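Note that the structure is a prediction, hence the values are computed from the model and not measured. Any value given below was found using the heavy atoms of this structure, including those in side chains, with hydrogens, waters and symmetry copies removed. Naming: A, B, ... by sequence-line order, numbering from 1 per chain.
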There are 2 protein chains.
Amino acid sequence: MLEPIISTVDIVLLIIQEDRLCVTLSKRDKEPYANQEALPGGYIHAQDDRDCLDAAVRILQQKTGLLPPYLEQLKTFAGAARDPRGWSISVVYFALVDADLILSANHPGLTICAVDALRRLPFDHNDIIAAAVERIRNKSQYSSLPCYLAGETFSLPRLQKMYEACLGETLNKVSFRRKMEELGVLETVEGQTETAGAHRPAQLYRLKSEFKNQLKLLVRGL
Amino acid sequence: MLEPIISTVDIVLLIIQEDRLCVTLSKRDKEPYANQEALPGGYIHAQDDRDCLDAAVRILQQKTGLLPPYLEQLKTFAGAARDPRGWSISVVYFALVDADLILSANHPGLTICAVDALRRLPFDHNDIIAAAVERIRNKSQYSSLPCYLAGETFSLPRLQKMYEACLGETLNKVSFRRKMEELGVLETVEGQTETAGAHRPAQLYRLKSEFKNQLKLLVRGL
DNA sequence: TCAATAGTGTCTGTCAGACAATATCGG
DNA sequence: CCGATATTGTCTGACAGACACTATTGA
């Protein structure tokens with residue numbers, strides 16, 4: 001007969017804080033690795049969850065109290081060595097959200113850590129986060145993905161900072177604006193500007209409603 | 001307690017035949033859907049397989065008799081509705097291989113079908129194949145992926161046909177050659193040419209050994 | 001010599017990035 | 001008015017695609 005296999009969902013919830021890409025960690029309440037910080041995750045409940053995305057949404061709600069505007073399956077990590085309890089499968093999702101939403105929700109047990117300053121985490125969670133960072137880096141080059149990190153409304157300079165934090169490099173301002181225009185996922189919030197000091201205020205934008213849950217791709221990257 | 005979850009690996013083995021993207025199907029030897037054609041797949045053996053990739057290689061060997069030069073995790077399909085036996089997880093890999101290798105191996109129970117002419121398949125295998133096709137289309141735009149469909153040595157015109165079949169569109173010959181040069185994954189097989197009729201023979205190329213198992217990406221796509 | 005495909009050289013419109021000018025705020 | 005950042009206009013080098021020319025084979 002087949003051995004039972006532990007089936008879980010883990011989530012890499014990414015945000016931008018102080019222009020750096022950060023991951024949200026949750027204090028584990030059970031063994032193994034109780035009280036240590038790790039990716040939010042949990043068992044798949046075959047009775048309750050219709051599919052993996054269902055499970056991801058449920059777990060995200062339980063562990064962070066919010067439902068991010070972007071959620072996508074990343075990759076599945078499985079094997080005999082990654083969990084001390086034995087052979088396990090973890091279907092990993094990655095989620096993006098505006099950092100302010102996490103801070104204002106103030107859910108207990110959460111910590112935020114820059115992805116390039118992580119300590120050693122339980123299981124293979126360092127590998128998982130590395131895979132998520134690679135994915136977001138890739139997709140940020142040719143899609144509207146980082147828009148989900150910027151909140152409901154945002155200025156183009158702020159959005160450019162999101163892209164730059166994802167990509168880990170500065171971008172040409174003129175090209176960036178041209179590309180955002182080309183993407184066509186943004187609309188201006190008429191009459192709304194962002195004042196941030198002794199200088200000209202920036203026009204605010206938001207995602208067009210038809211792109212609220214749909215990535216748009218560029219023919220040629222940024 | 002947690003319900004047991006069926007854990008399997010399925011494989012989308014893609015080839016190019018007559019300039020069309022095709023998938024390799026295997027006749028199922030067990031219920032459910034016994035004797036029907038479906039994606040080659042099987043249970044994860046927690047005792048034998050160290051991880052999912054291990055399981056994929058084993059299953060591919062059992063069902064097709066070969067080890068393709070390219071194998072990558074595609075996505076995980078899971079849920080209550082996809083398998084009549086109940087909640088199941090299928091970690092899906094996609095593989096690429098030269099069509100001639102499949103034909104010469106002549107493994108029993110295999111059939112080849114163009115991806116745009118598939119009948120209704122068991123489980124959610126139509127969805128899975130659609131996801132694989134989308135992935136290969138995407139990656140073919142900016143990587144050396146289709147090289148794995150062309151065999152050990154091949155001419156540039158033949159490789160261009162591989163790219164065109166993957167992308168579903170014809171490409172500019174001059175640009176294609178420039179891009180292959182830019183990719184830098186190919187080397188000429190000195191003195192070897194491909195004669196294919198009453199015209200100038202084509203120079204043969206092969207993947208440089210350092211790229212035998214590693215994709216190379218273009219800064220800007222084709 | 002012809003038909004057919006391989007392979008190469010050149011031109012041109014398009015586009016990314018550089019540069020710079022203008023706009024609008026607080027002080 | 002000044003410093004600072006937003007926003008827009010223009011120029012230029014690089015490159016993708018179009019076109020056309022040369023190369024090499026079988027018949």
Output yes when a side-chain donor or acceptor of B:H125 lies under 3.5 Å from a complementary backbone atom of B:E37, and no otherwise.
no
Nearest to the B:R178 side chain among D:dT24, C:dT10, D:dA6, which nucleotide is it?
C:dT10
Side-chain N or O of A:S175 less than 4.0 angstrom from OP1 or OP2 on C:dG17?
yes
What is the separation between atom CZ on B:R200 and atom P on D:dT22, rounded to the nearest whole Å?
13 Å
Checking the side chain of A:R135 only, and the main-chain atoms of A:L74 only, is there a donor and an acceptor separated by less than 3.5 Å?
yes
Figure out the CZ/P separation between B:R158 and C:dG7, and round it to whole Å.
14 Å
Do B:Y205 and B:L156 have side chains that approach each other closer than 4.5 Å (heavy atoms only, starting at C-beta)?
yes
Mind calculating the distance between OH (A:Y205) and P (D:dA6) to the nearest angstrom?
12 Å
From CG of B:L218 across to P of D:dA14 the rounded distance in Å is 19 Å
Distance in angstrom units between A:L171 CG and C:dA18 C1', rounded
15 Å
Given C:dG7, is OP1 or OP2 found less than 4.0 Å from the side-chain N or O atoms of B:K173?
no
Aromatic A:F77 / basic A:K75 pairing, under 6.0 angstrom, 45° off normal
yes
Identify, between A:H199 and A:V174, the residue whose nearest nucleotide on DNA chain C lies closer to the 5' end.
A:V174
Distance test, side-chain N/O of A:R177 to OP1/OP2 of D:dT7, below 4.0 Å:
yes
Considering only D:dG17, C:dA16, C:dG7, which nucleotide approaches the side chain of B:Q203 most closely?
C:dG7
Between A:I89 and A:T76, is any pair of side-chain heavy atoms under 4.5 Å apart?
yes
Provide, to the nearest angstrom, the distance between the CE atom belonging to B:M180 and the C1' atom belonging to C:dG7.
16 Å
Of C:dG7, D:dA18, D:dG3, the nucleotide closest to the side chain of A:A198 is D:dG3
Euclidean distance, atom CZ of residue B:F176 to atom P of D:dG17 [Å, nearest integer]:
12 Å
Would you mind reading off the distance between A:N172 atom CG and D:dT12 atom P, rounded to a whole angstrom?
17 Å
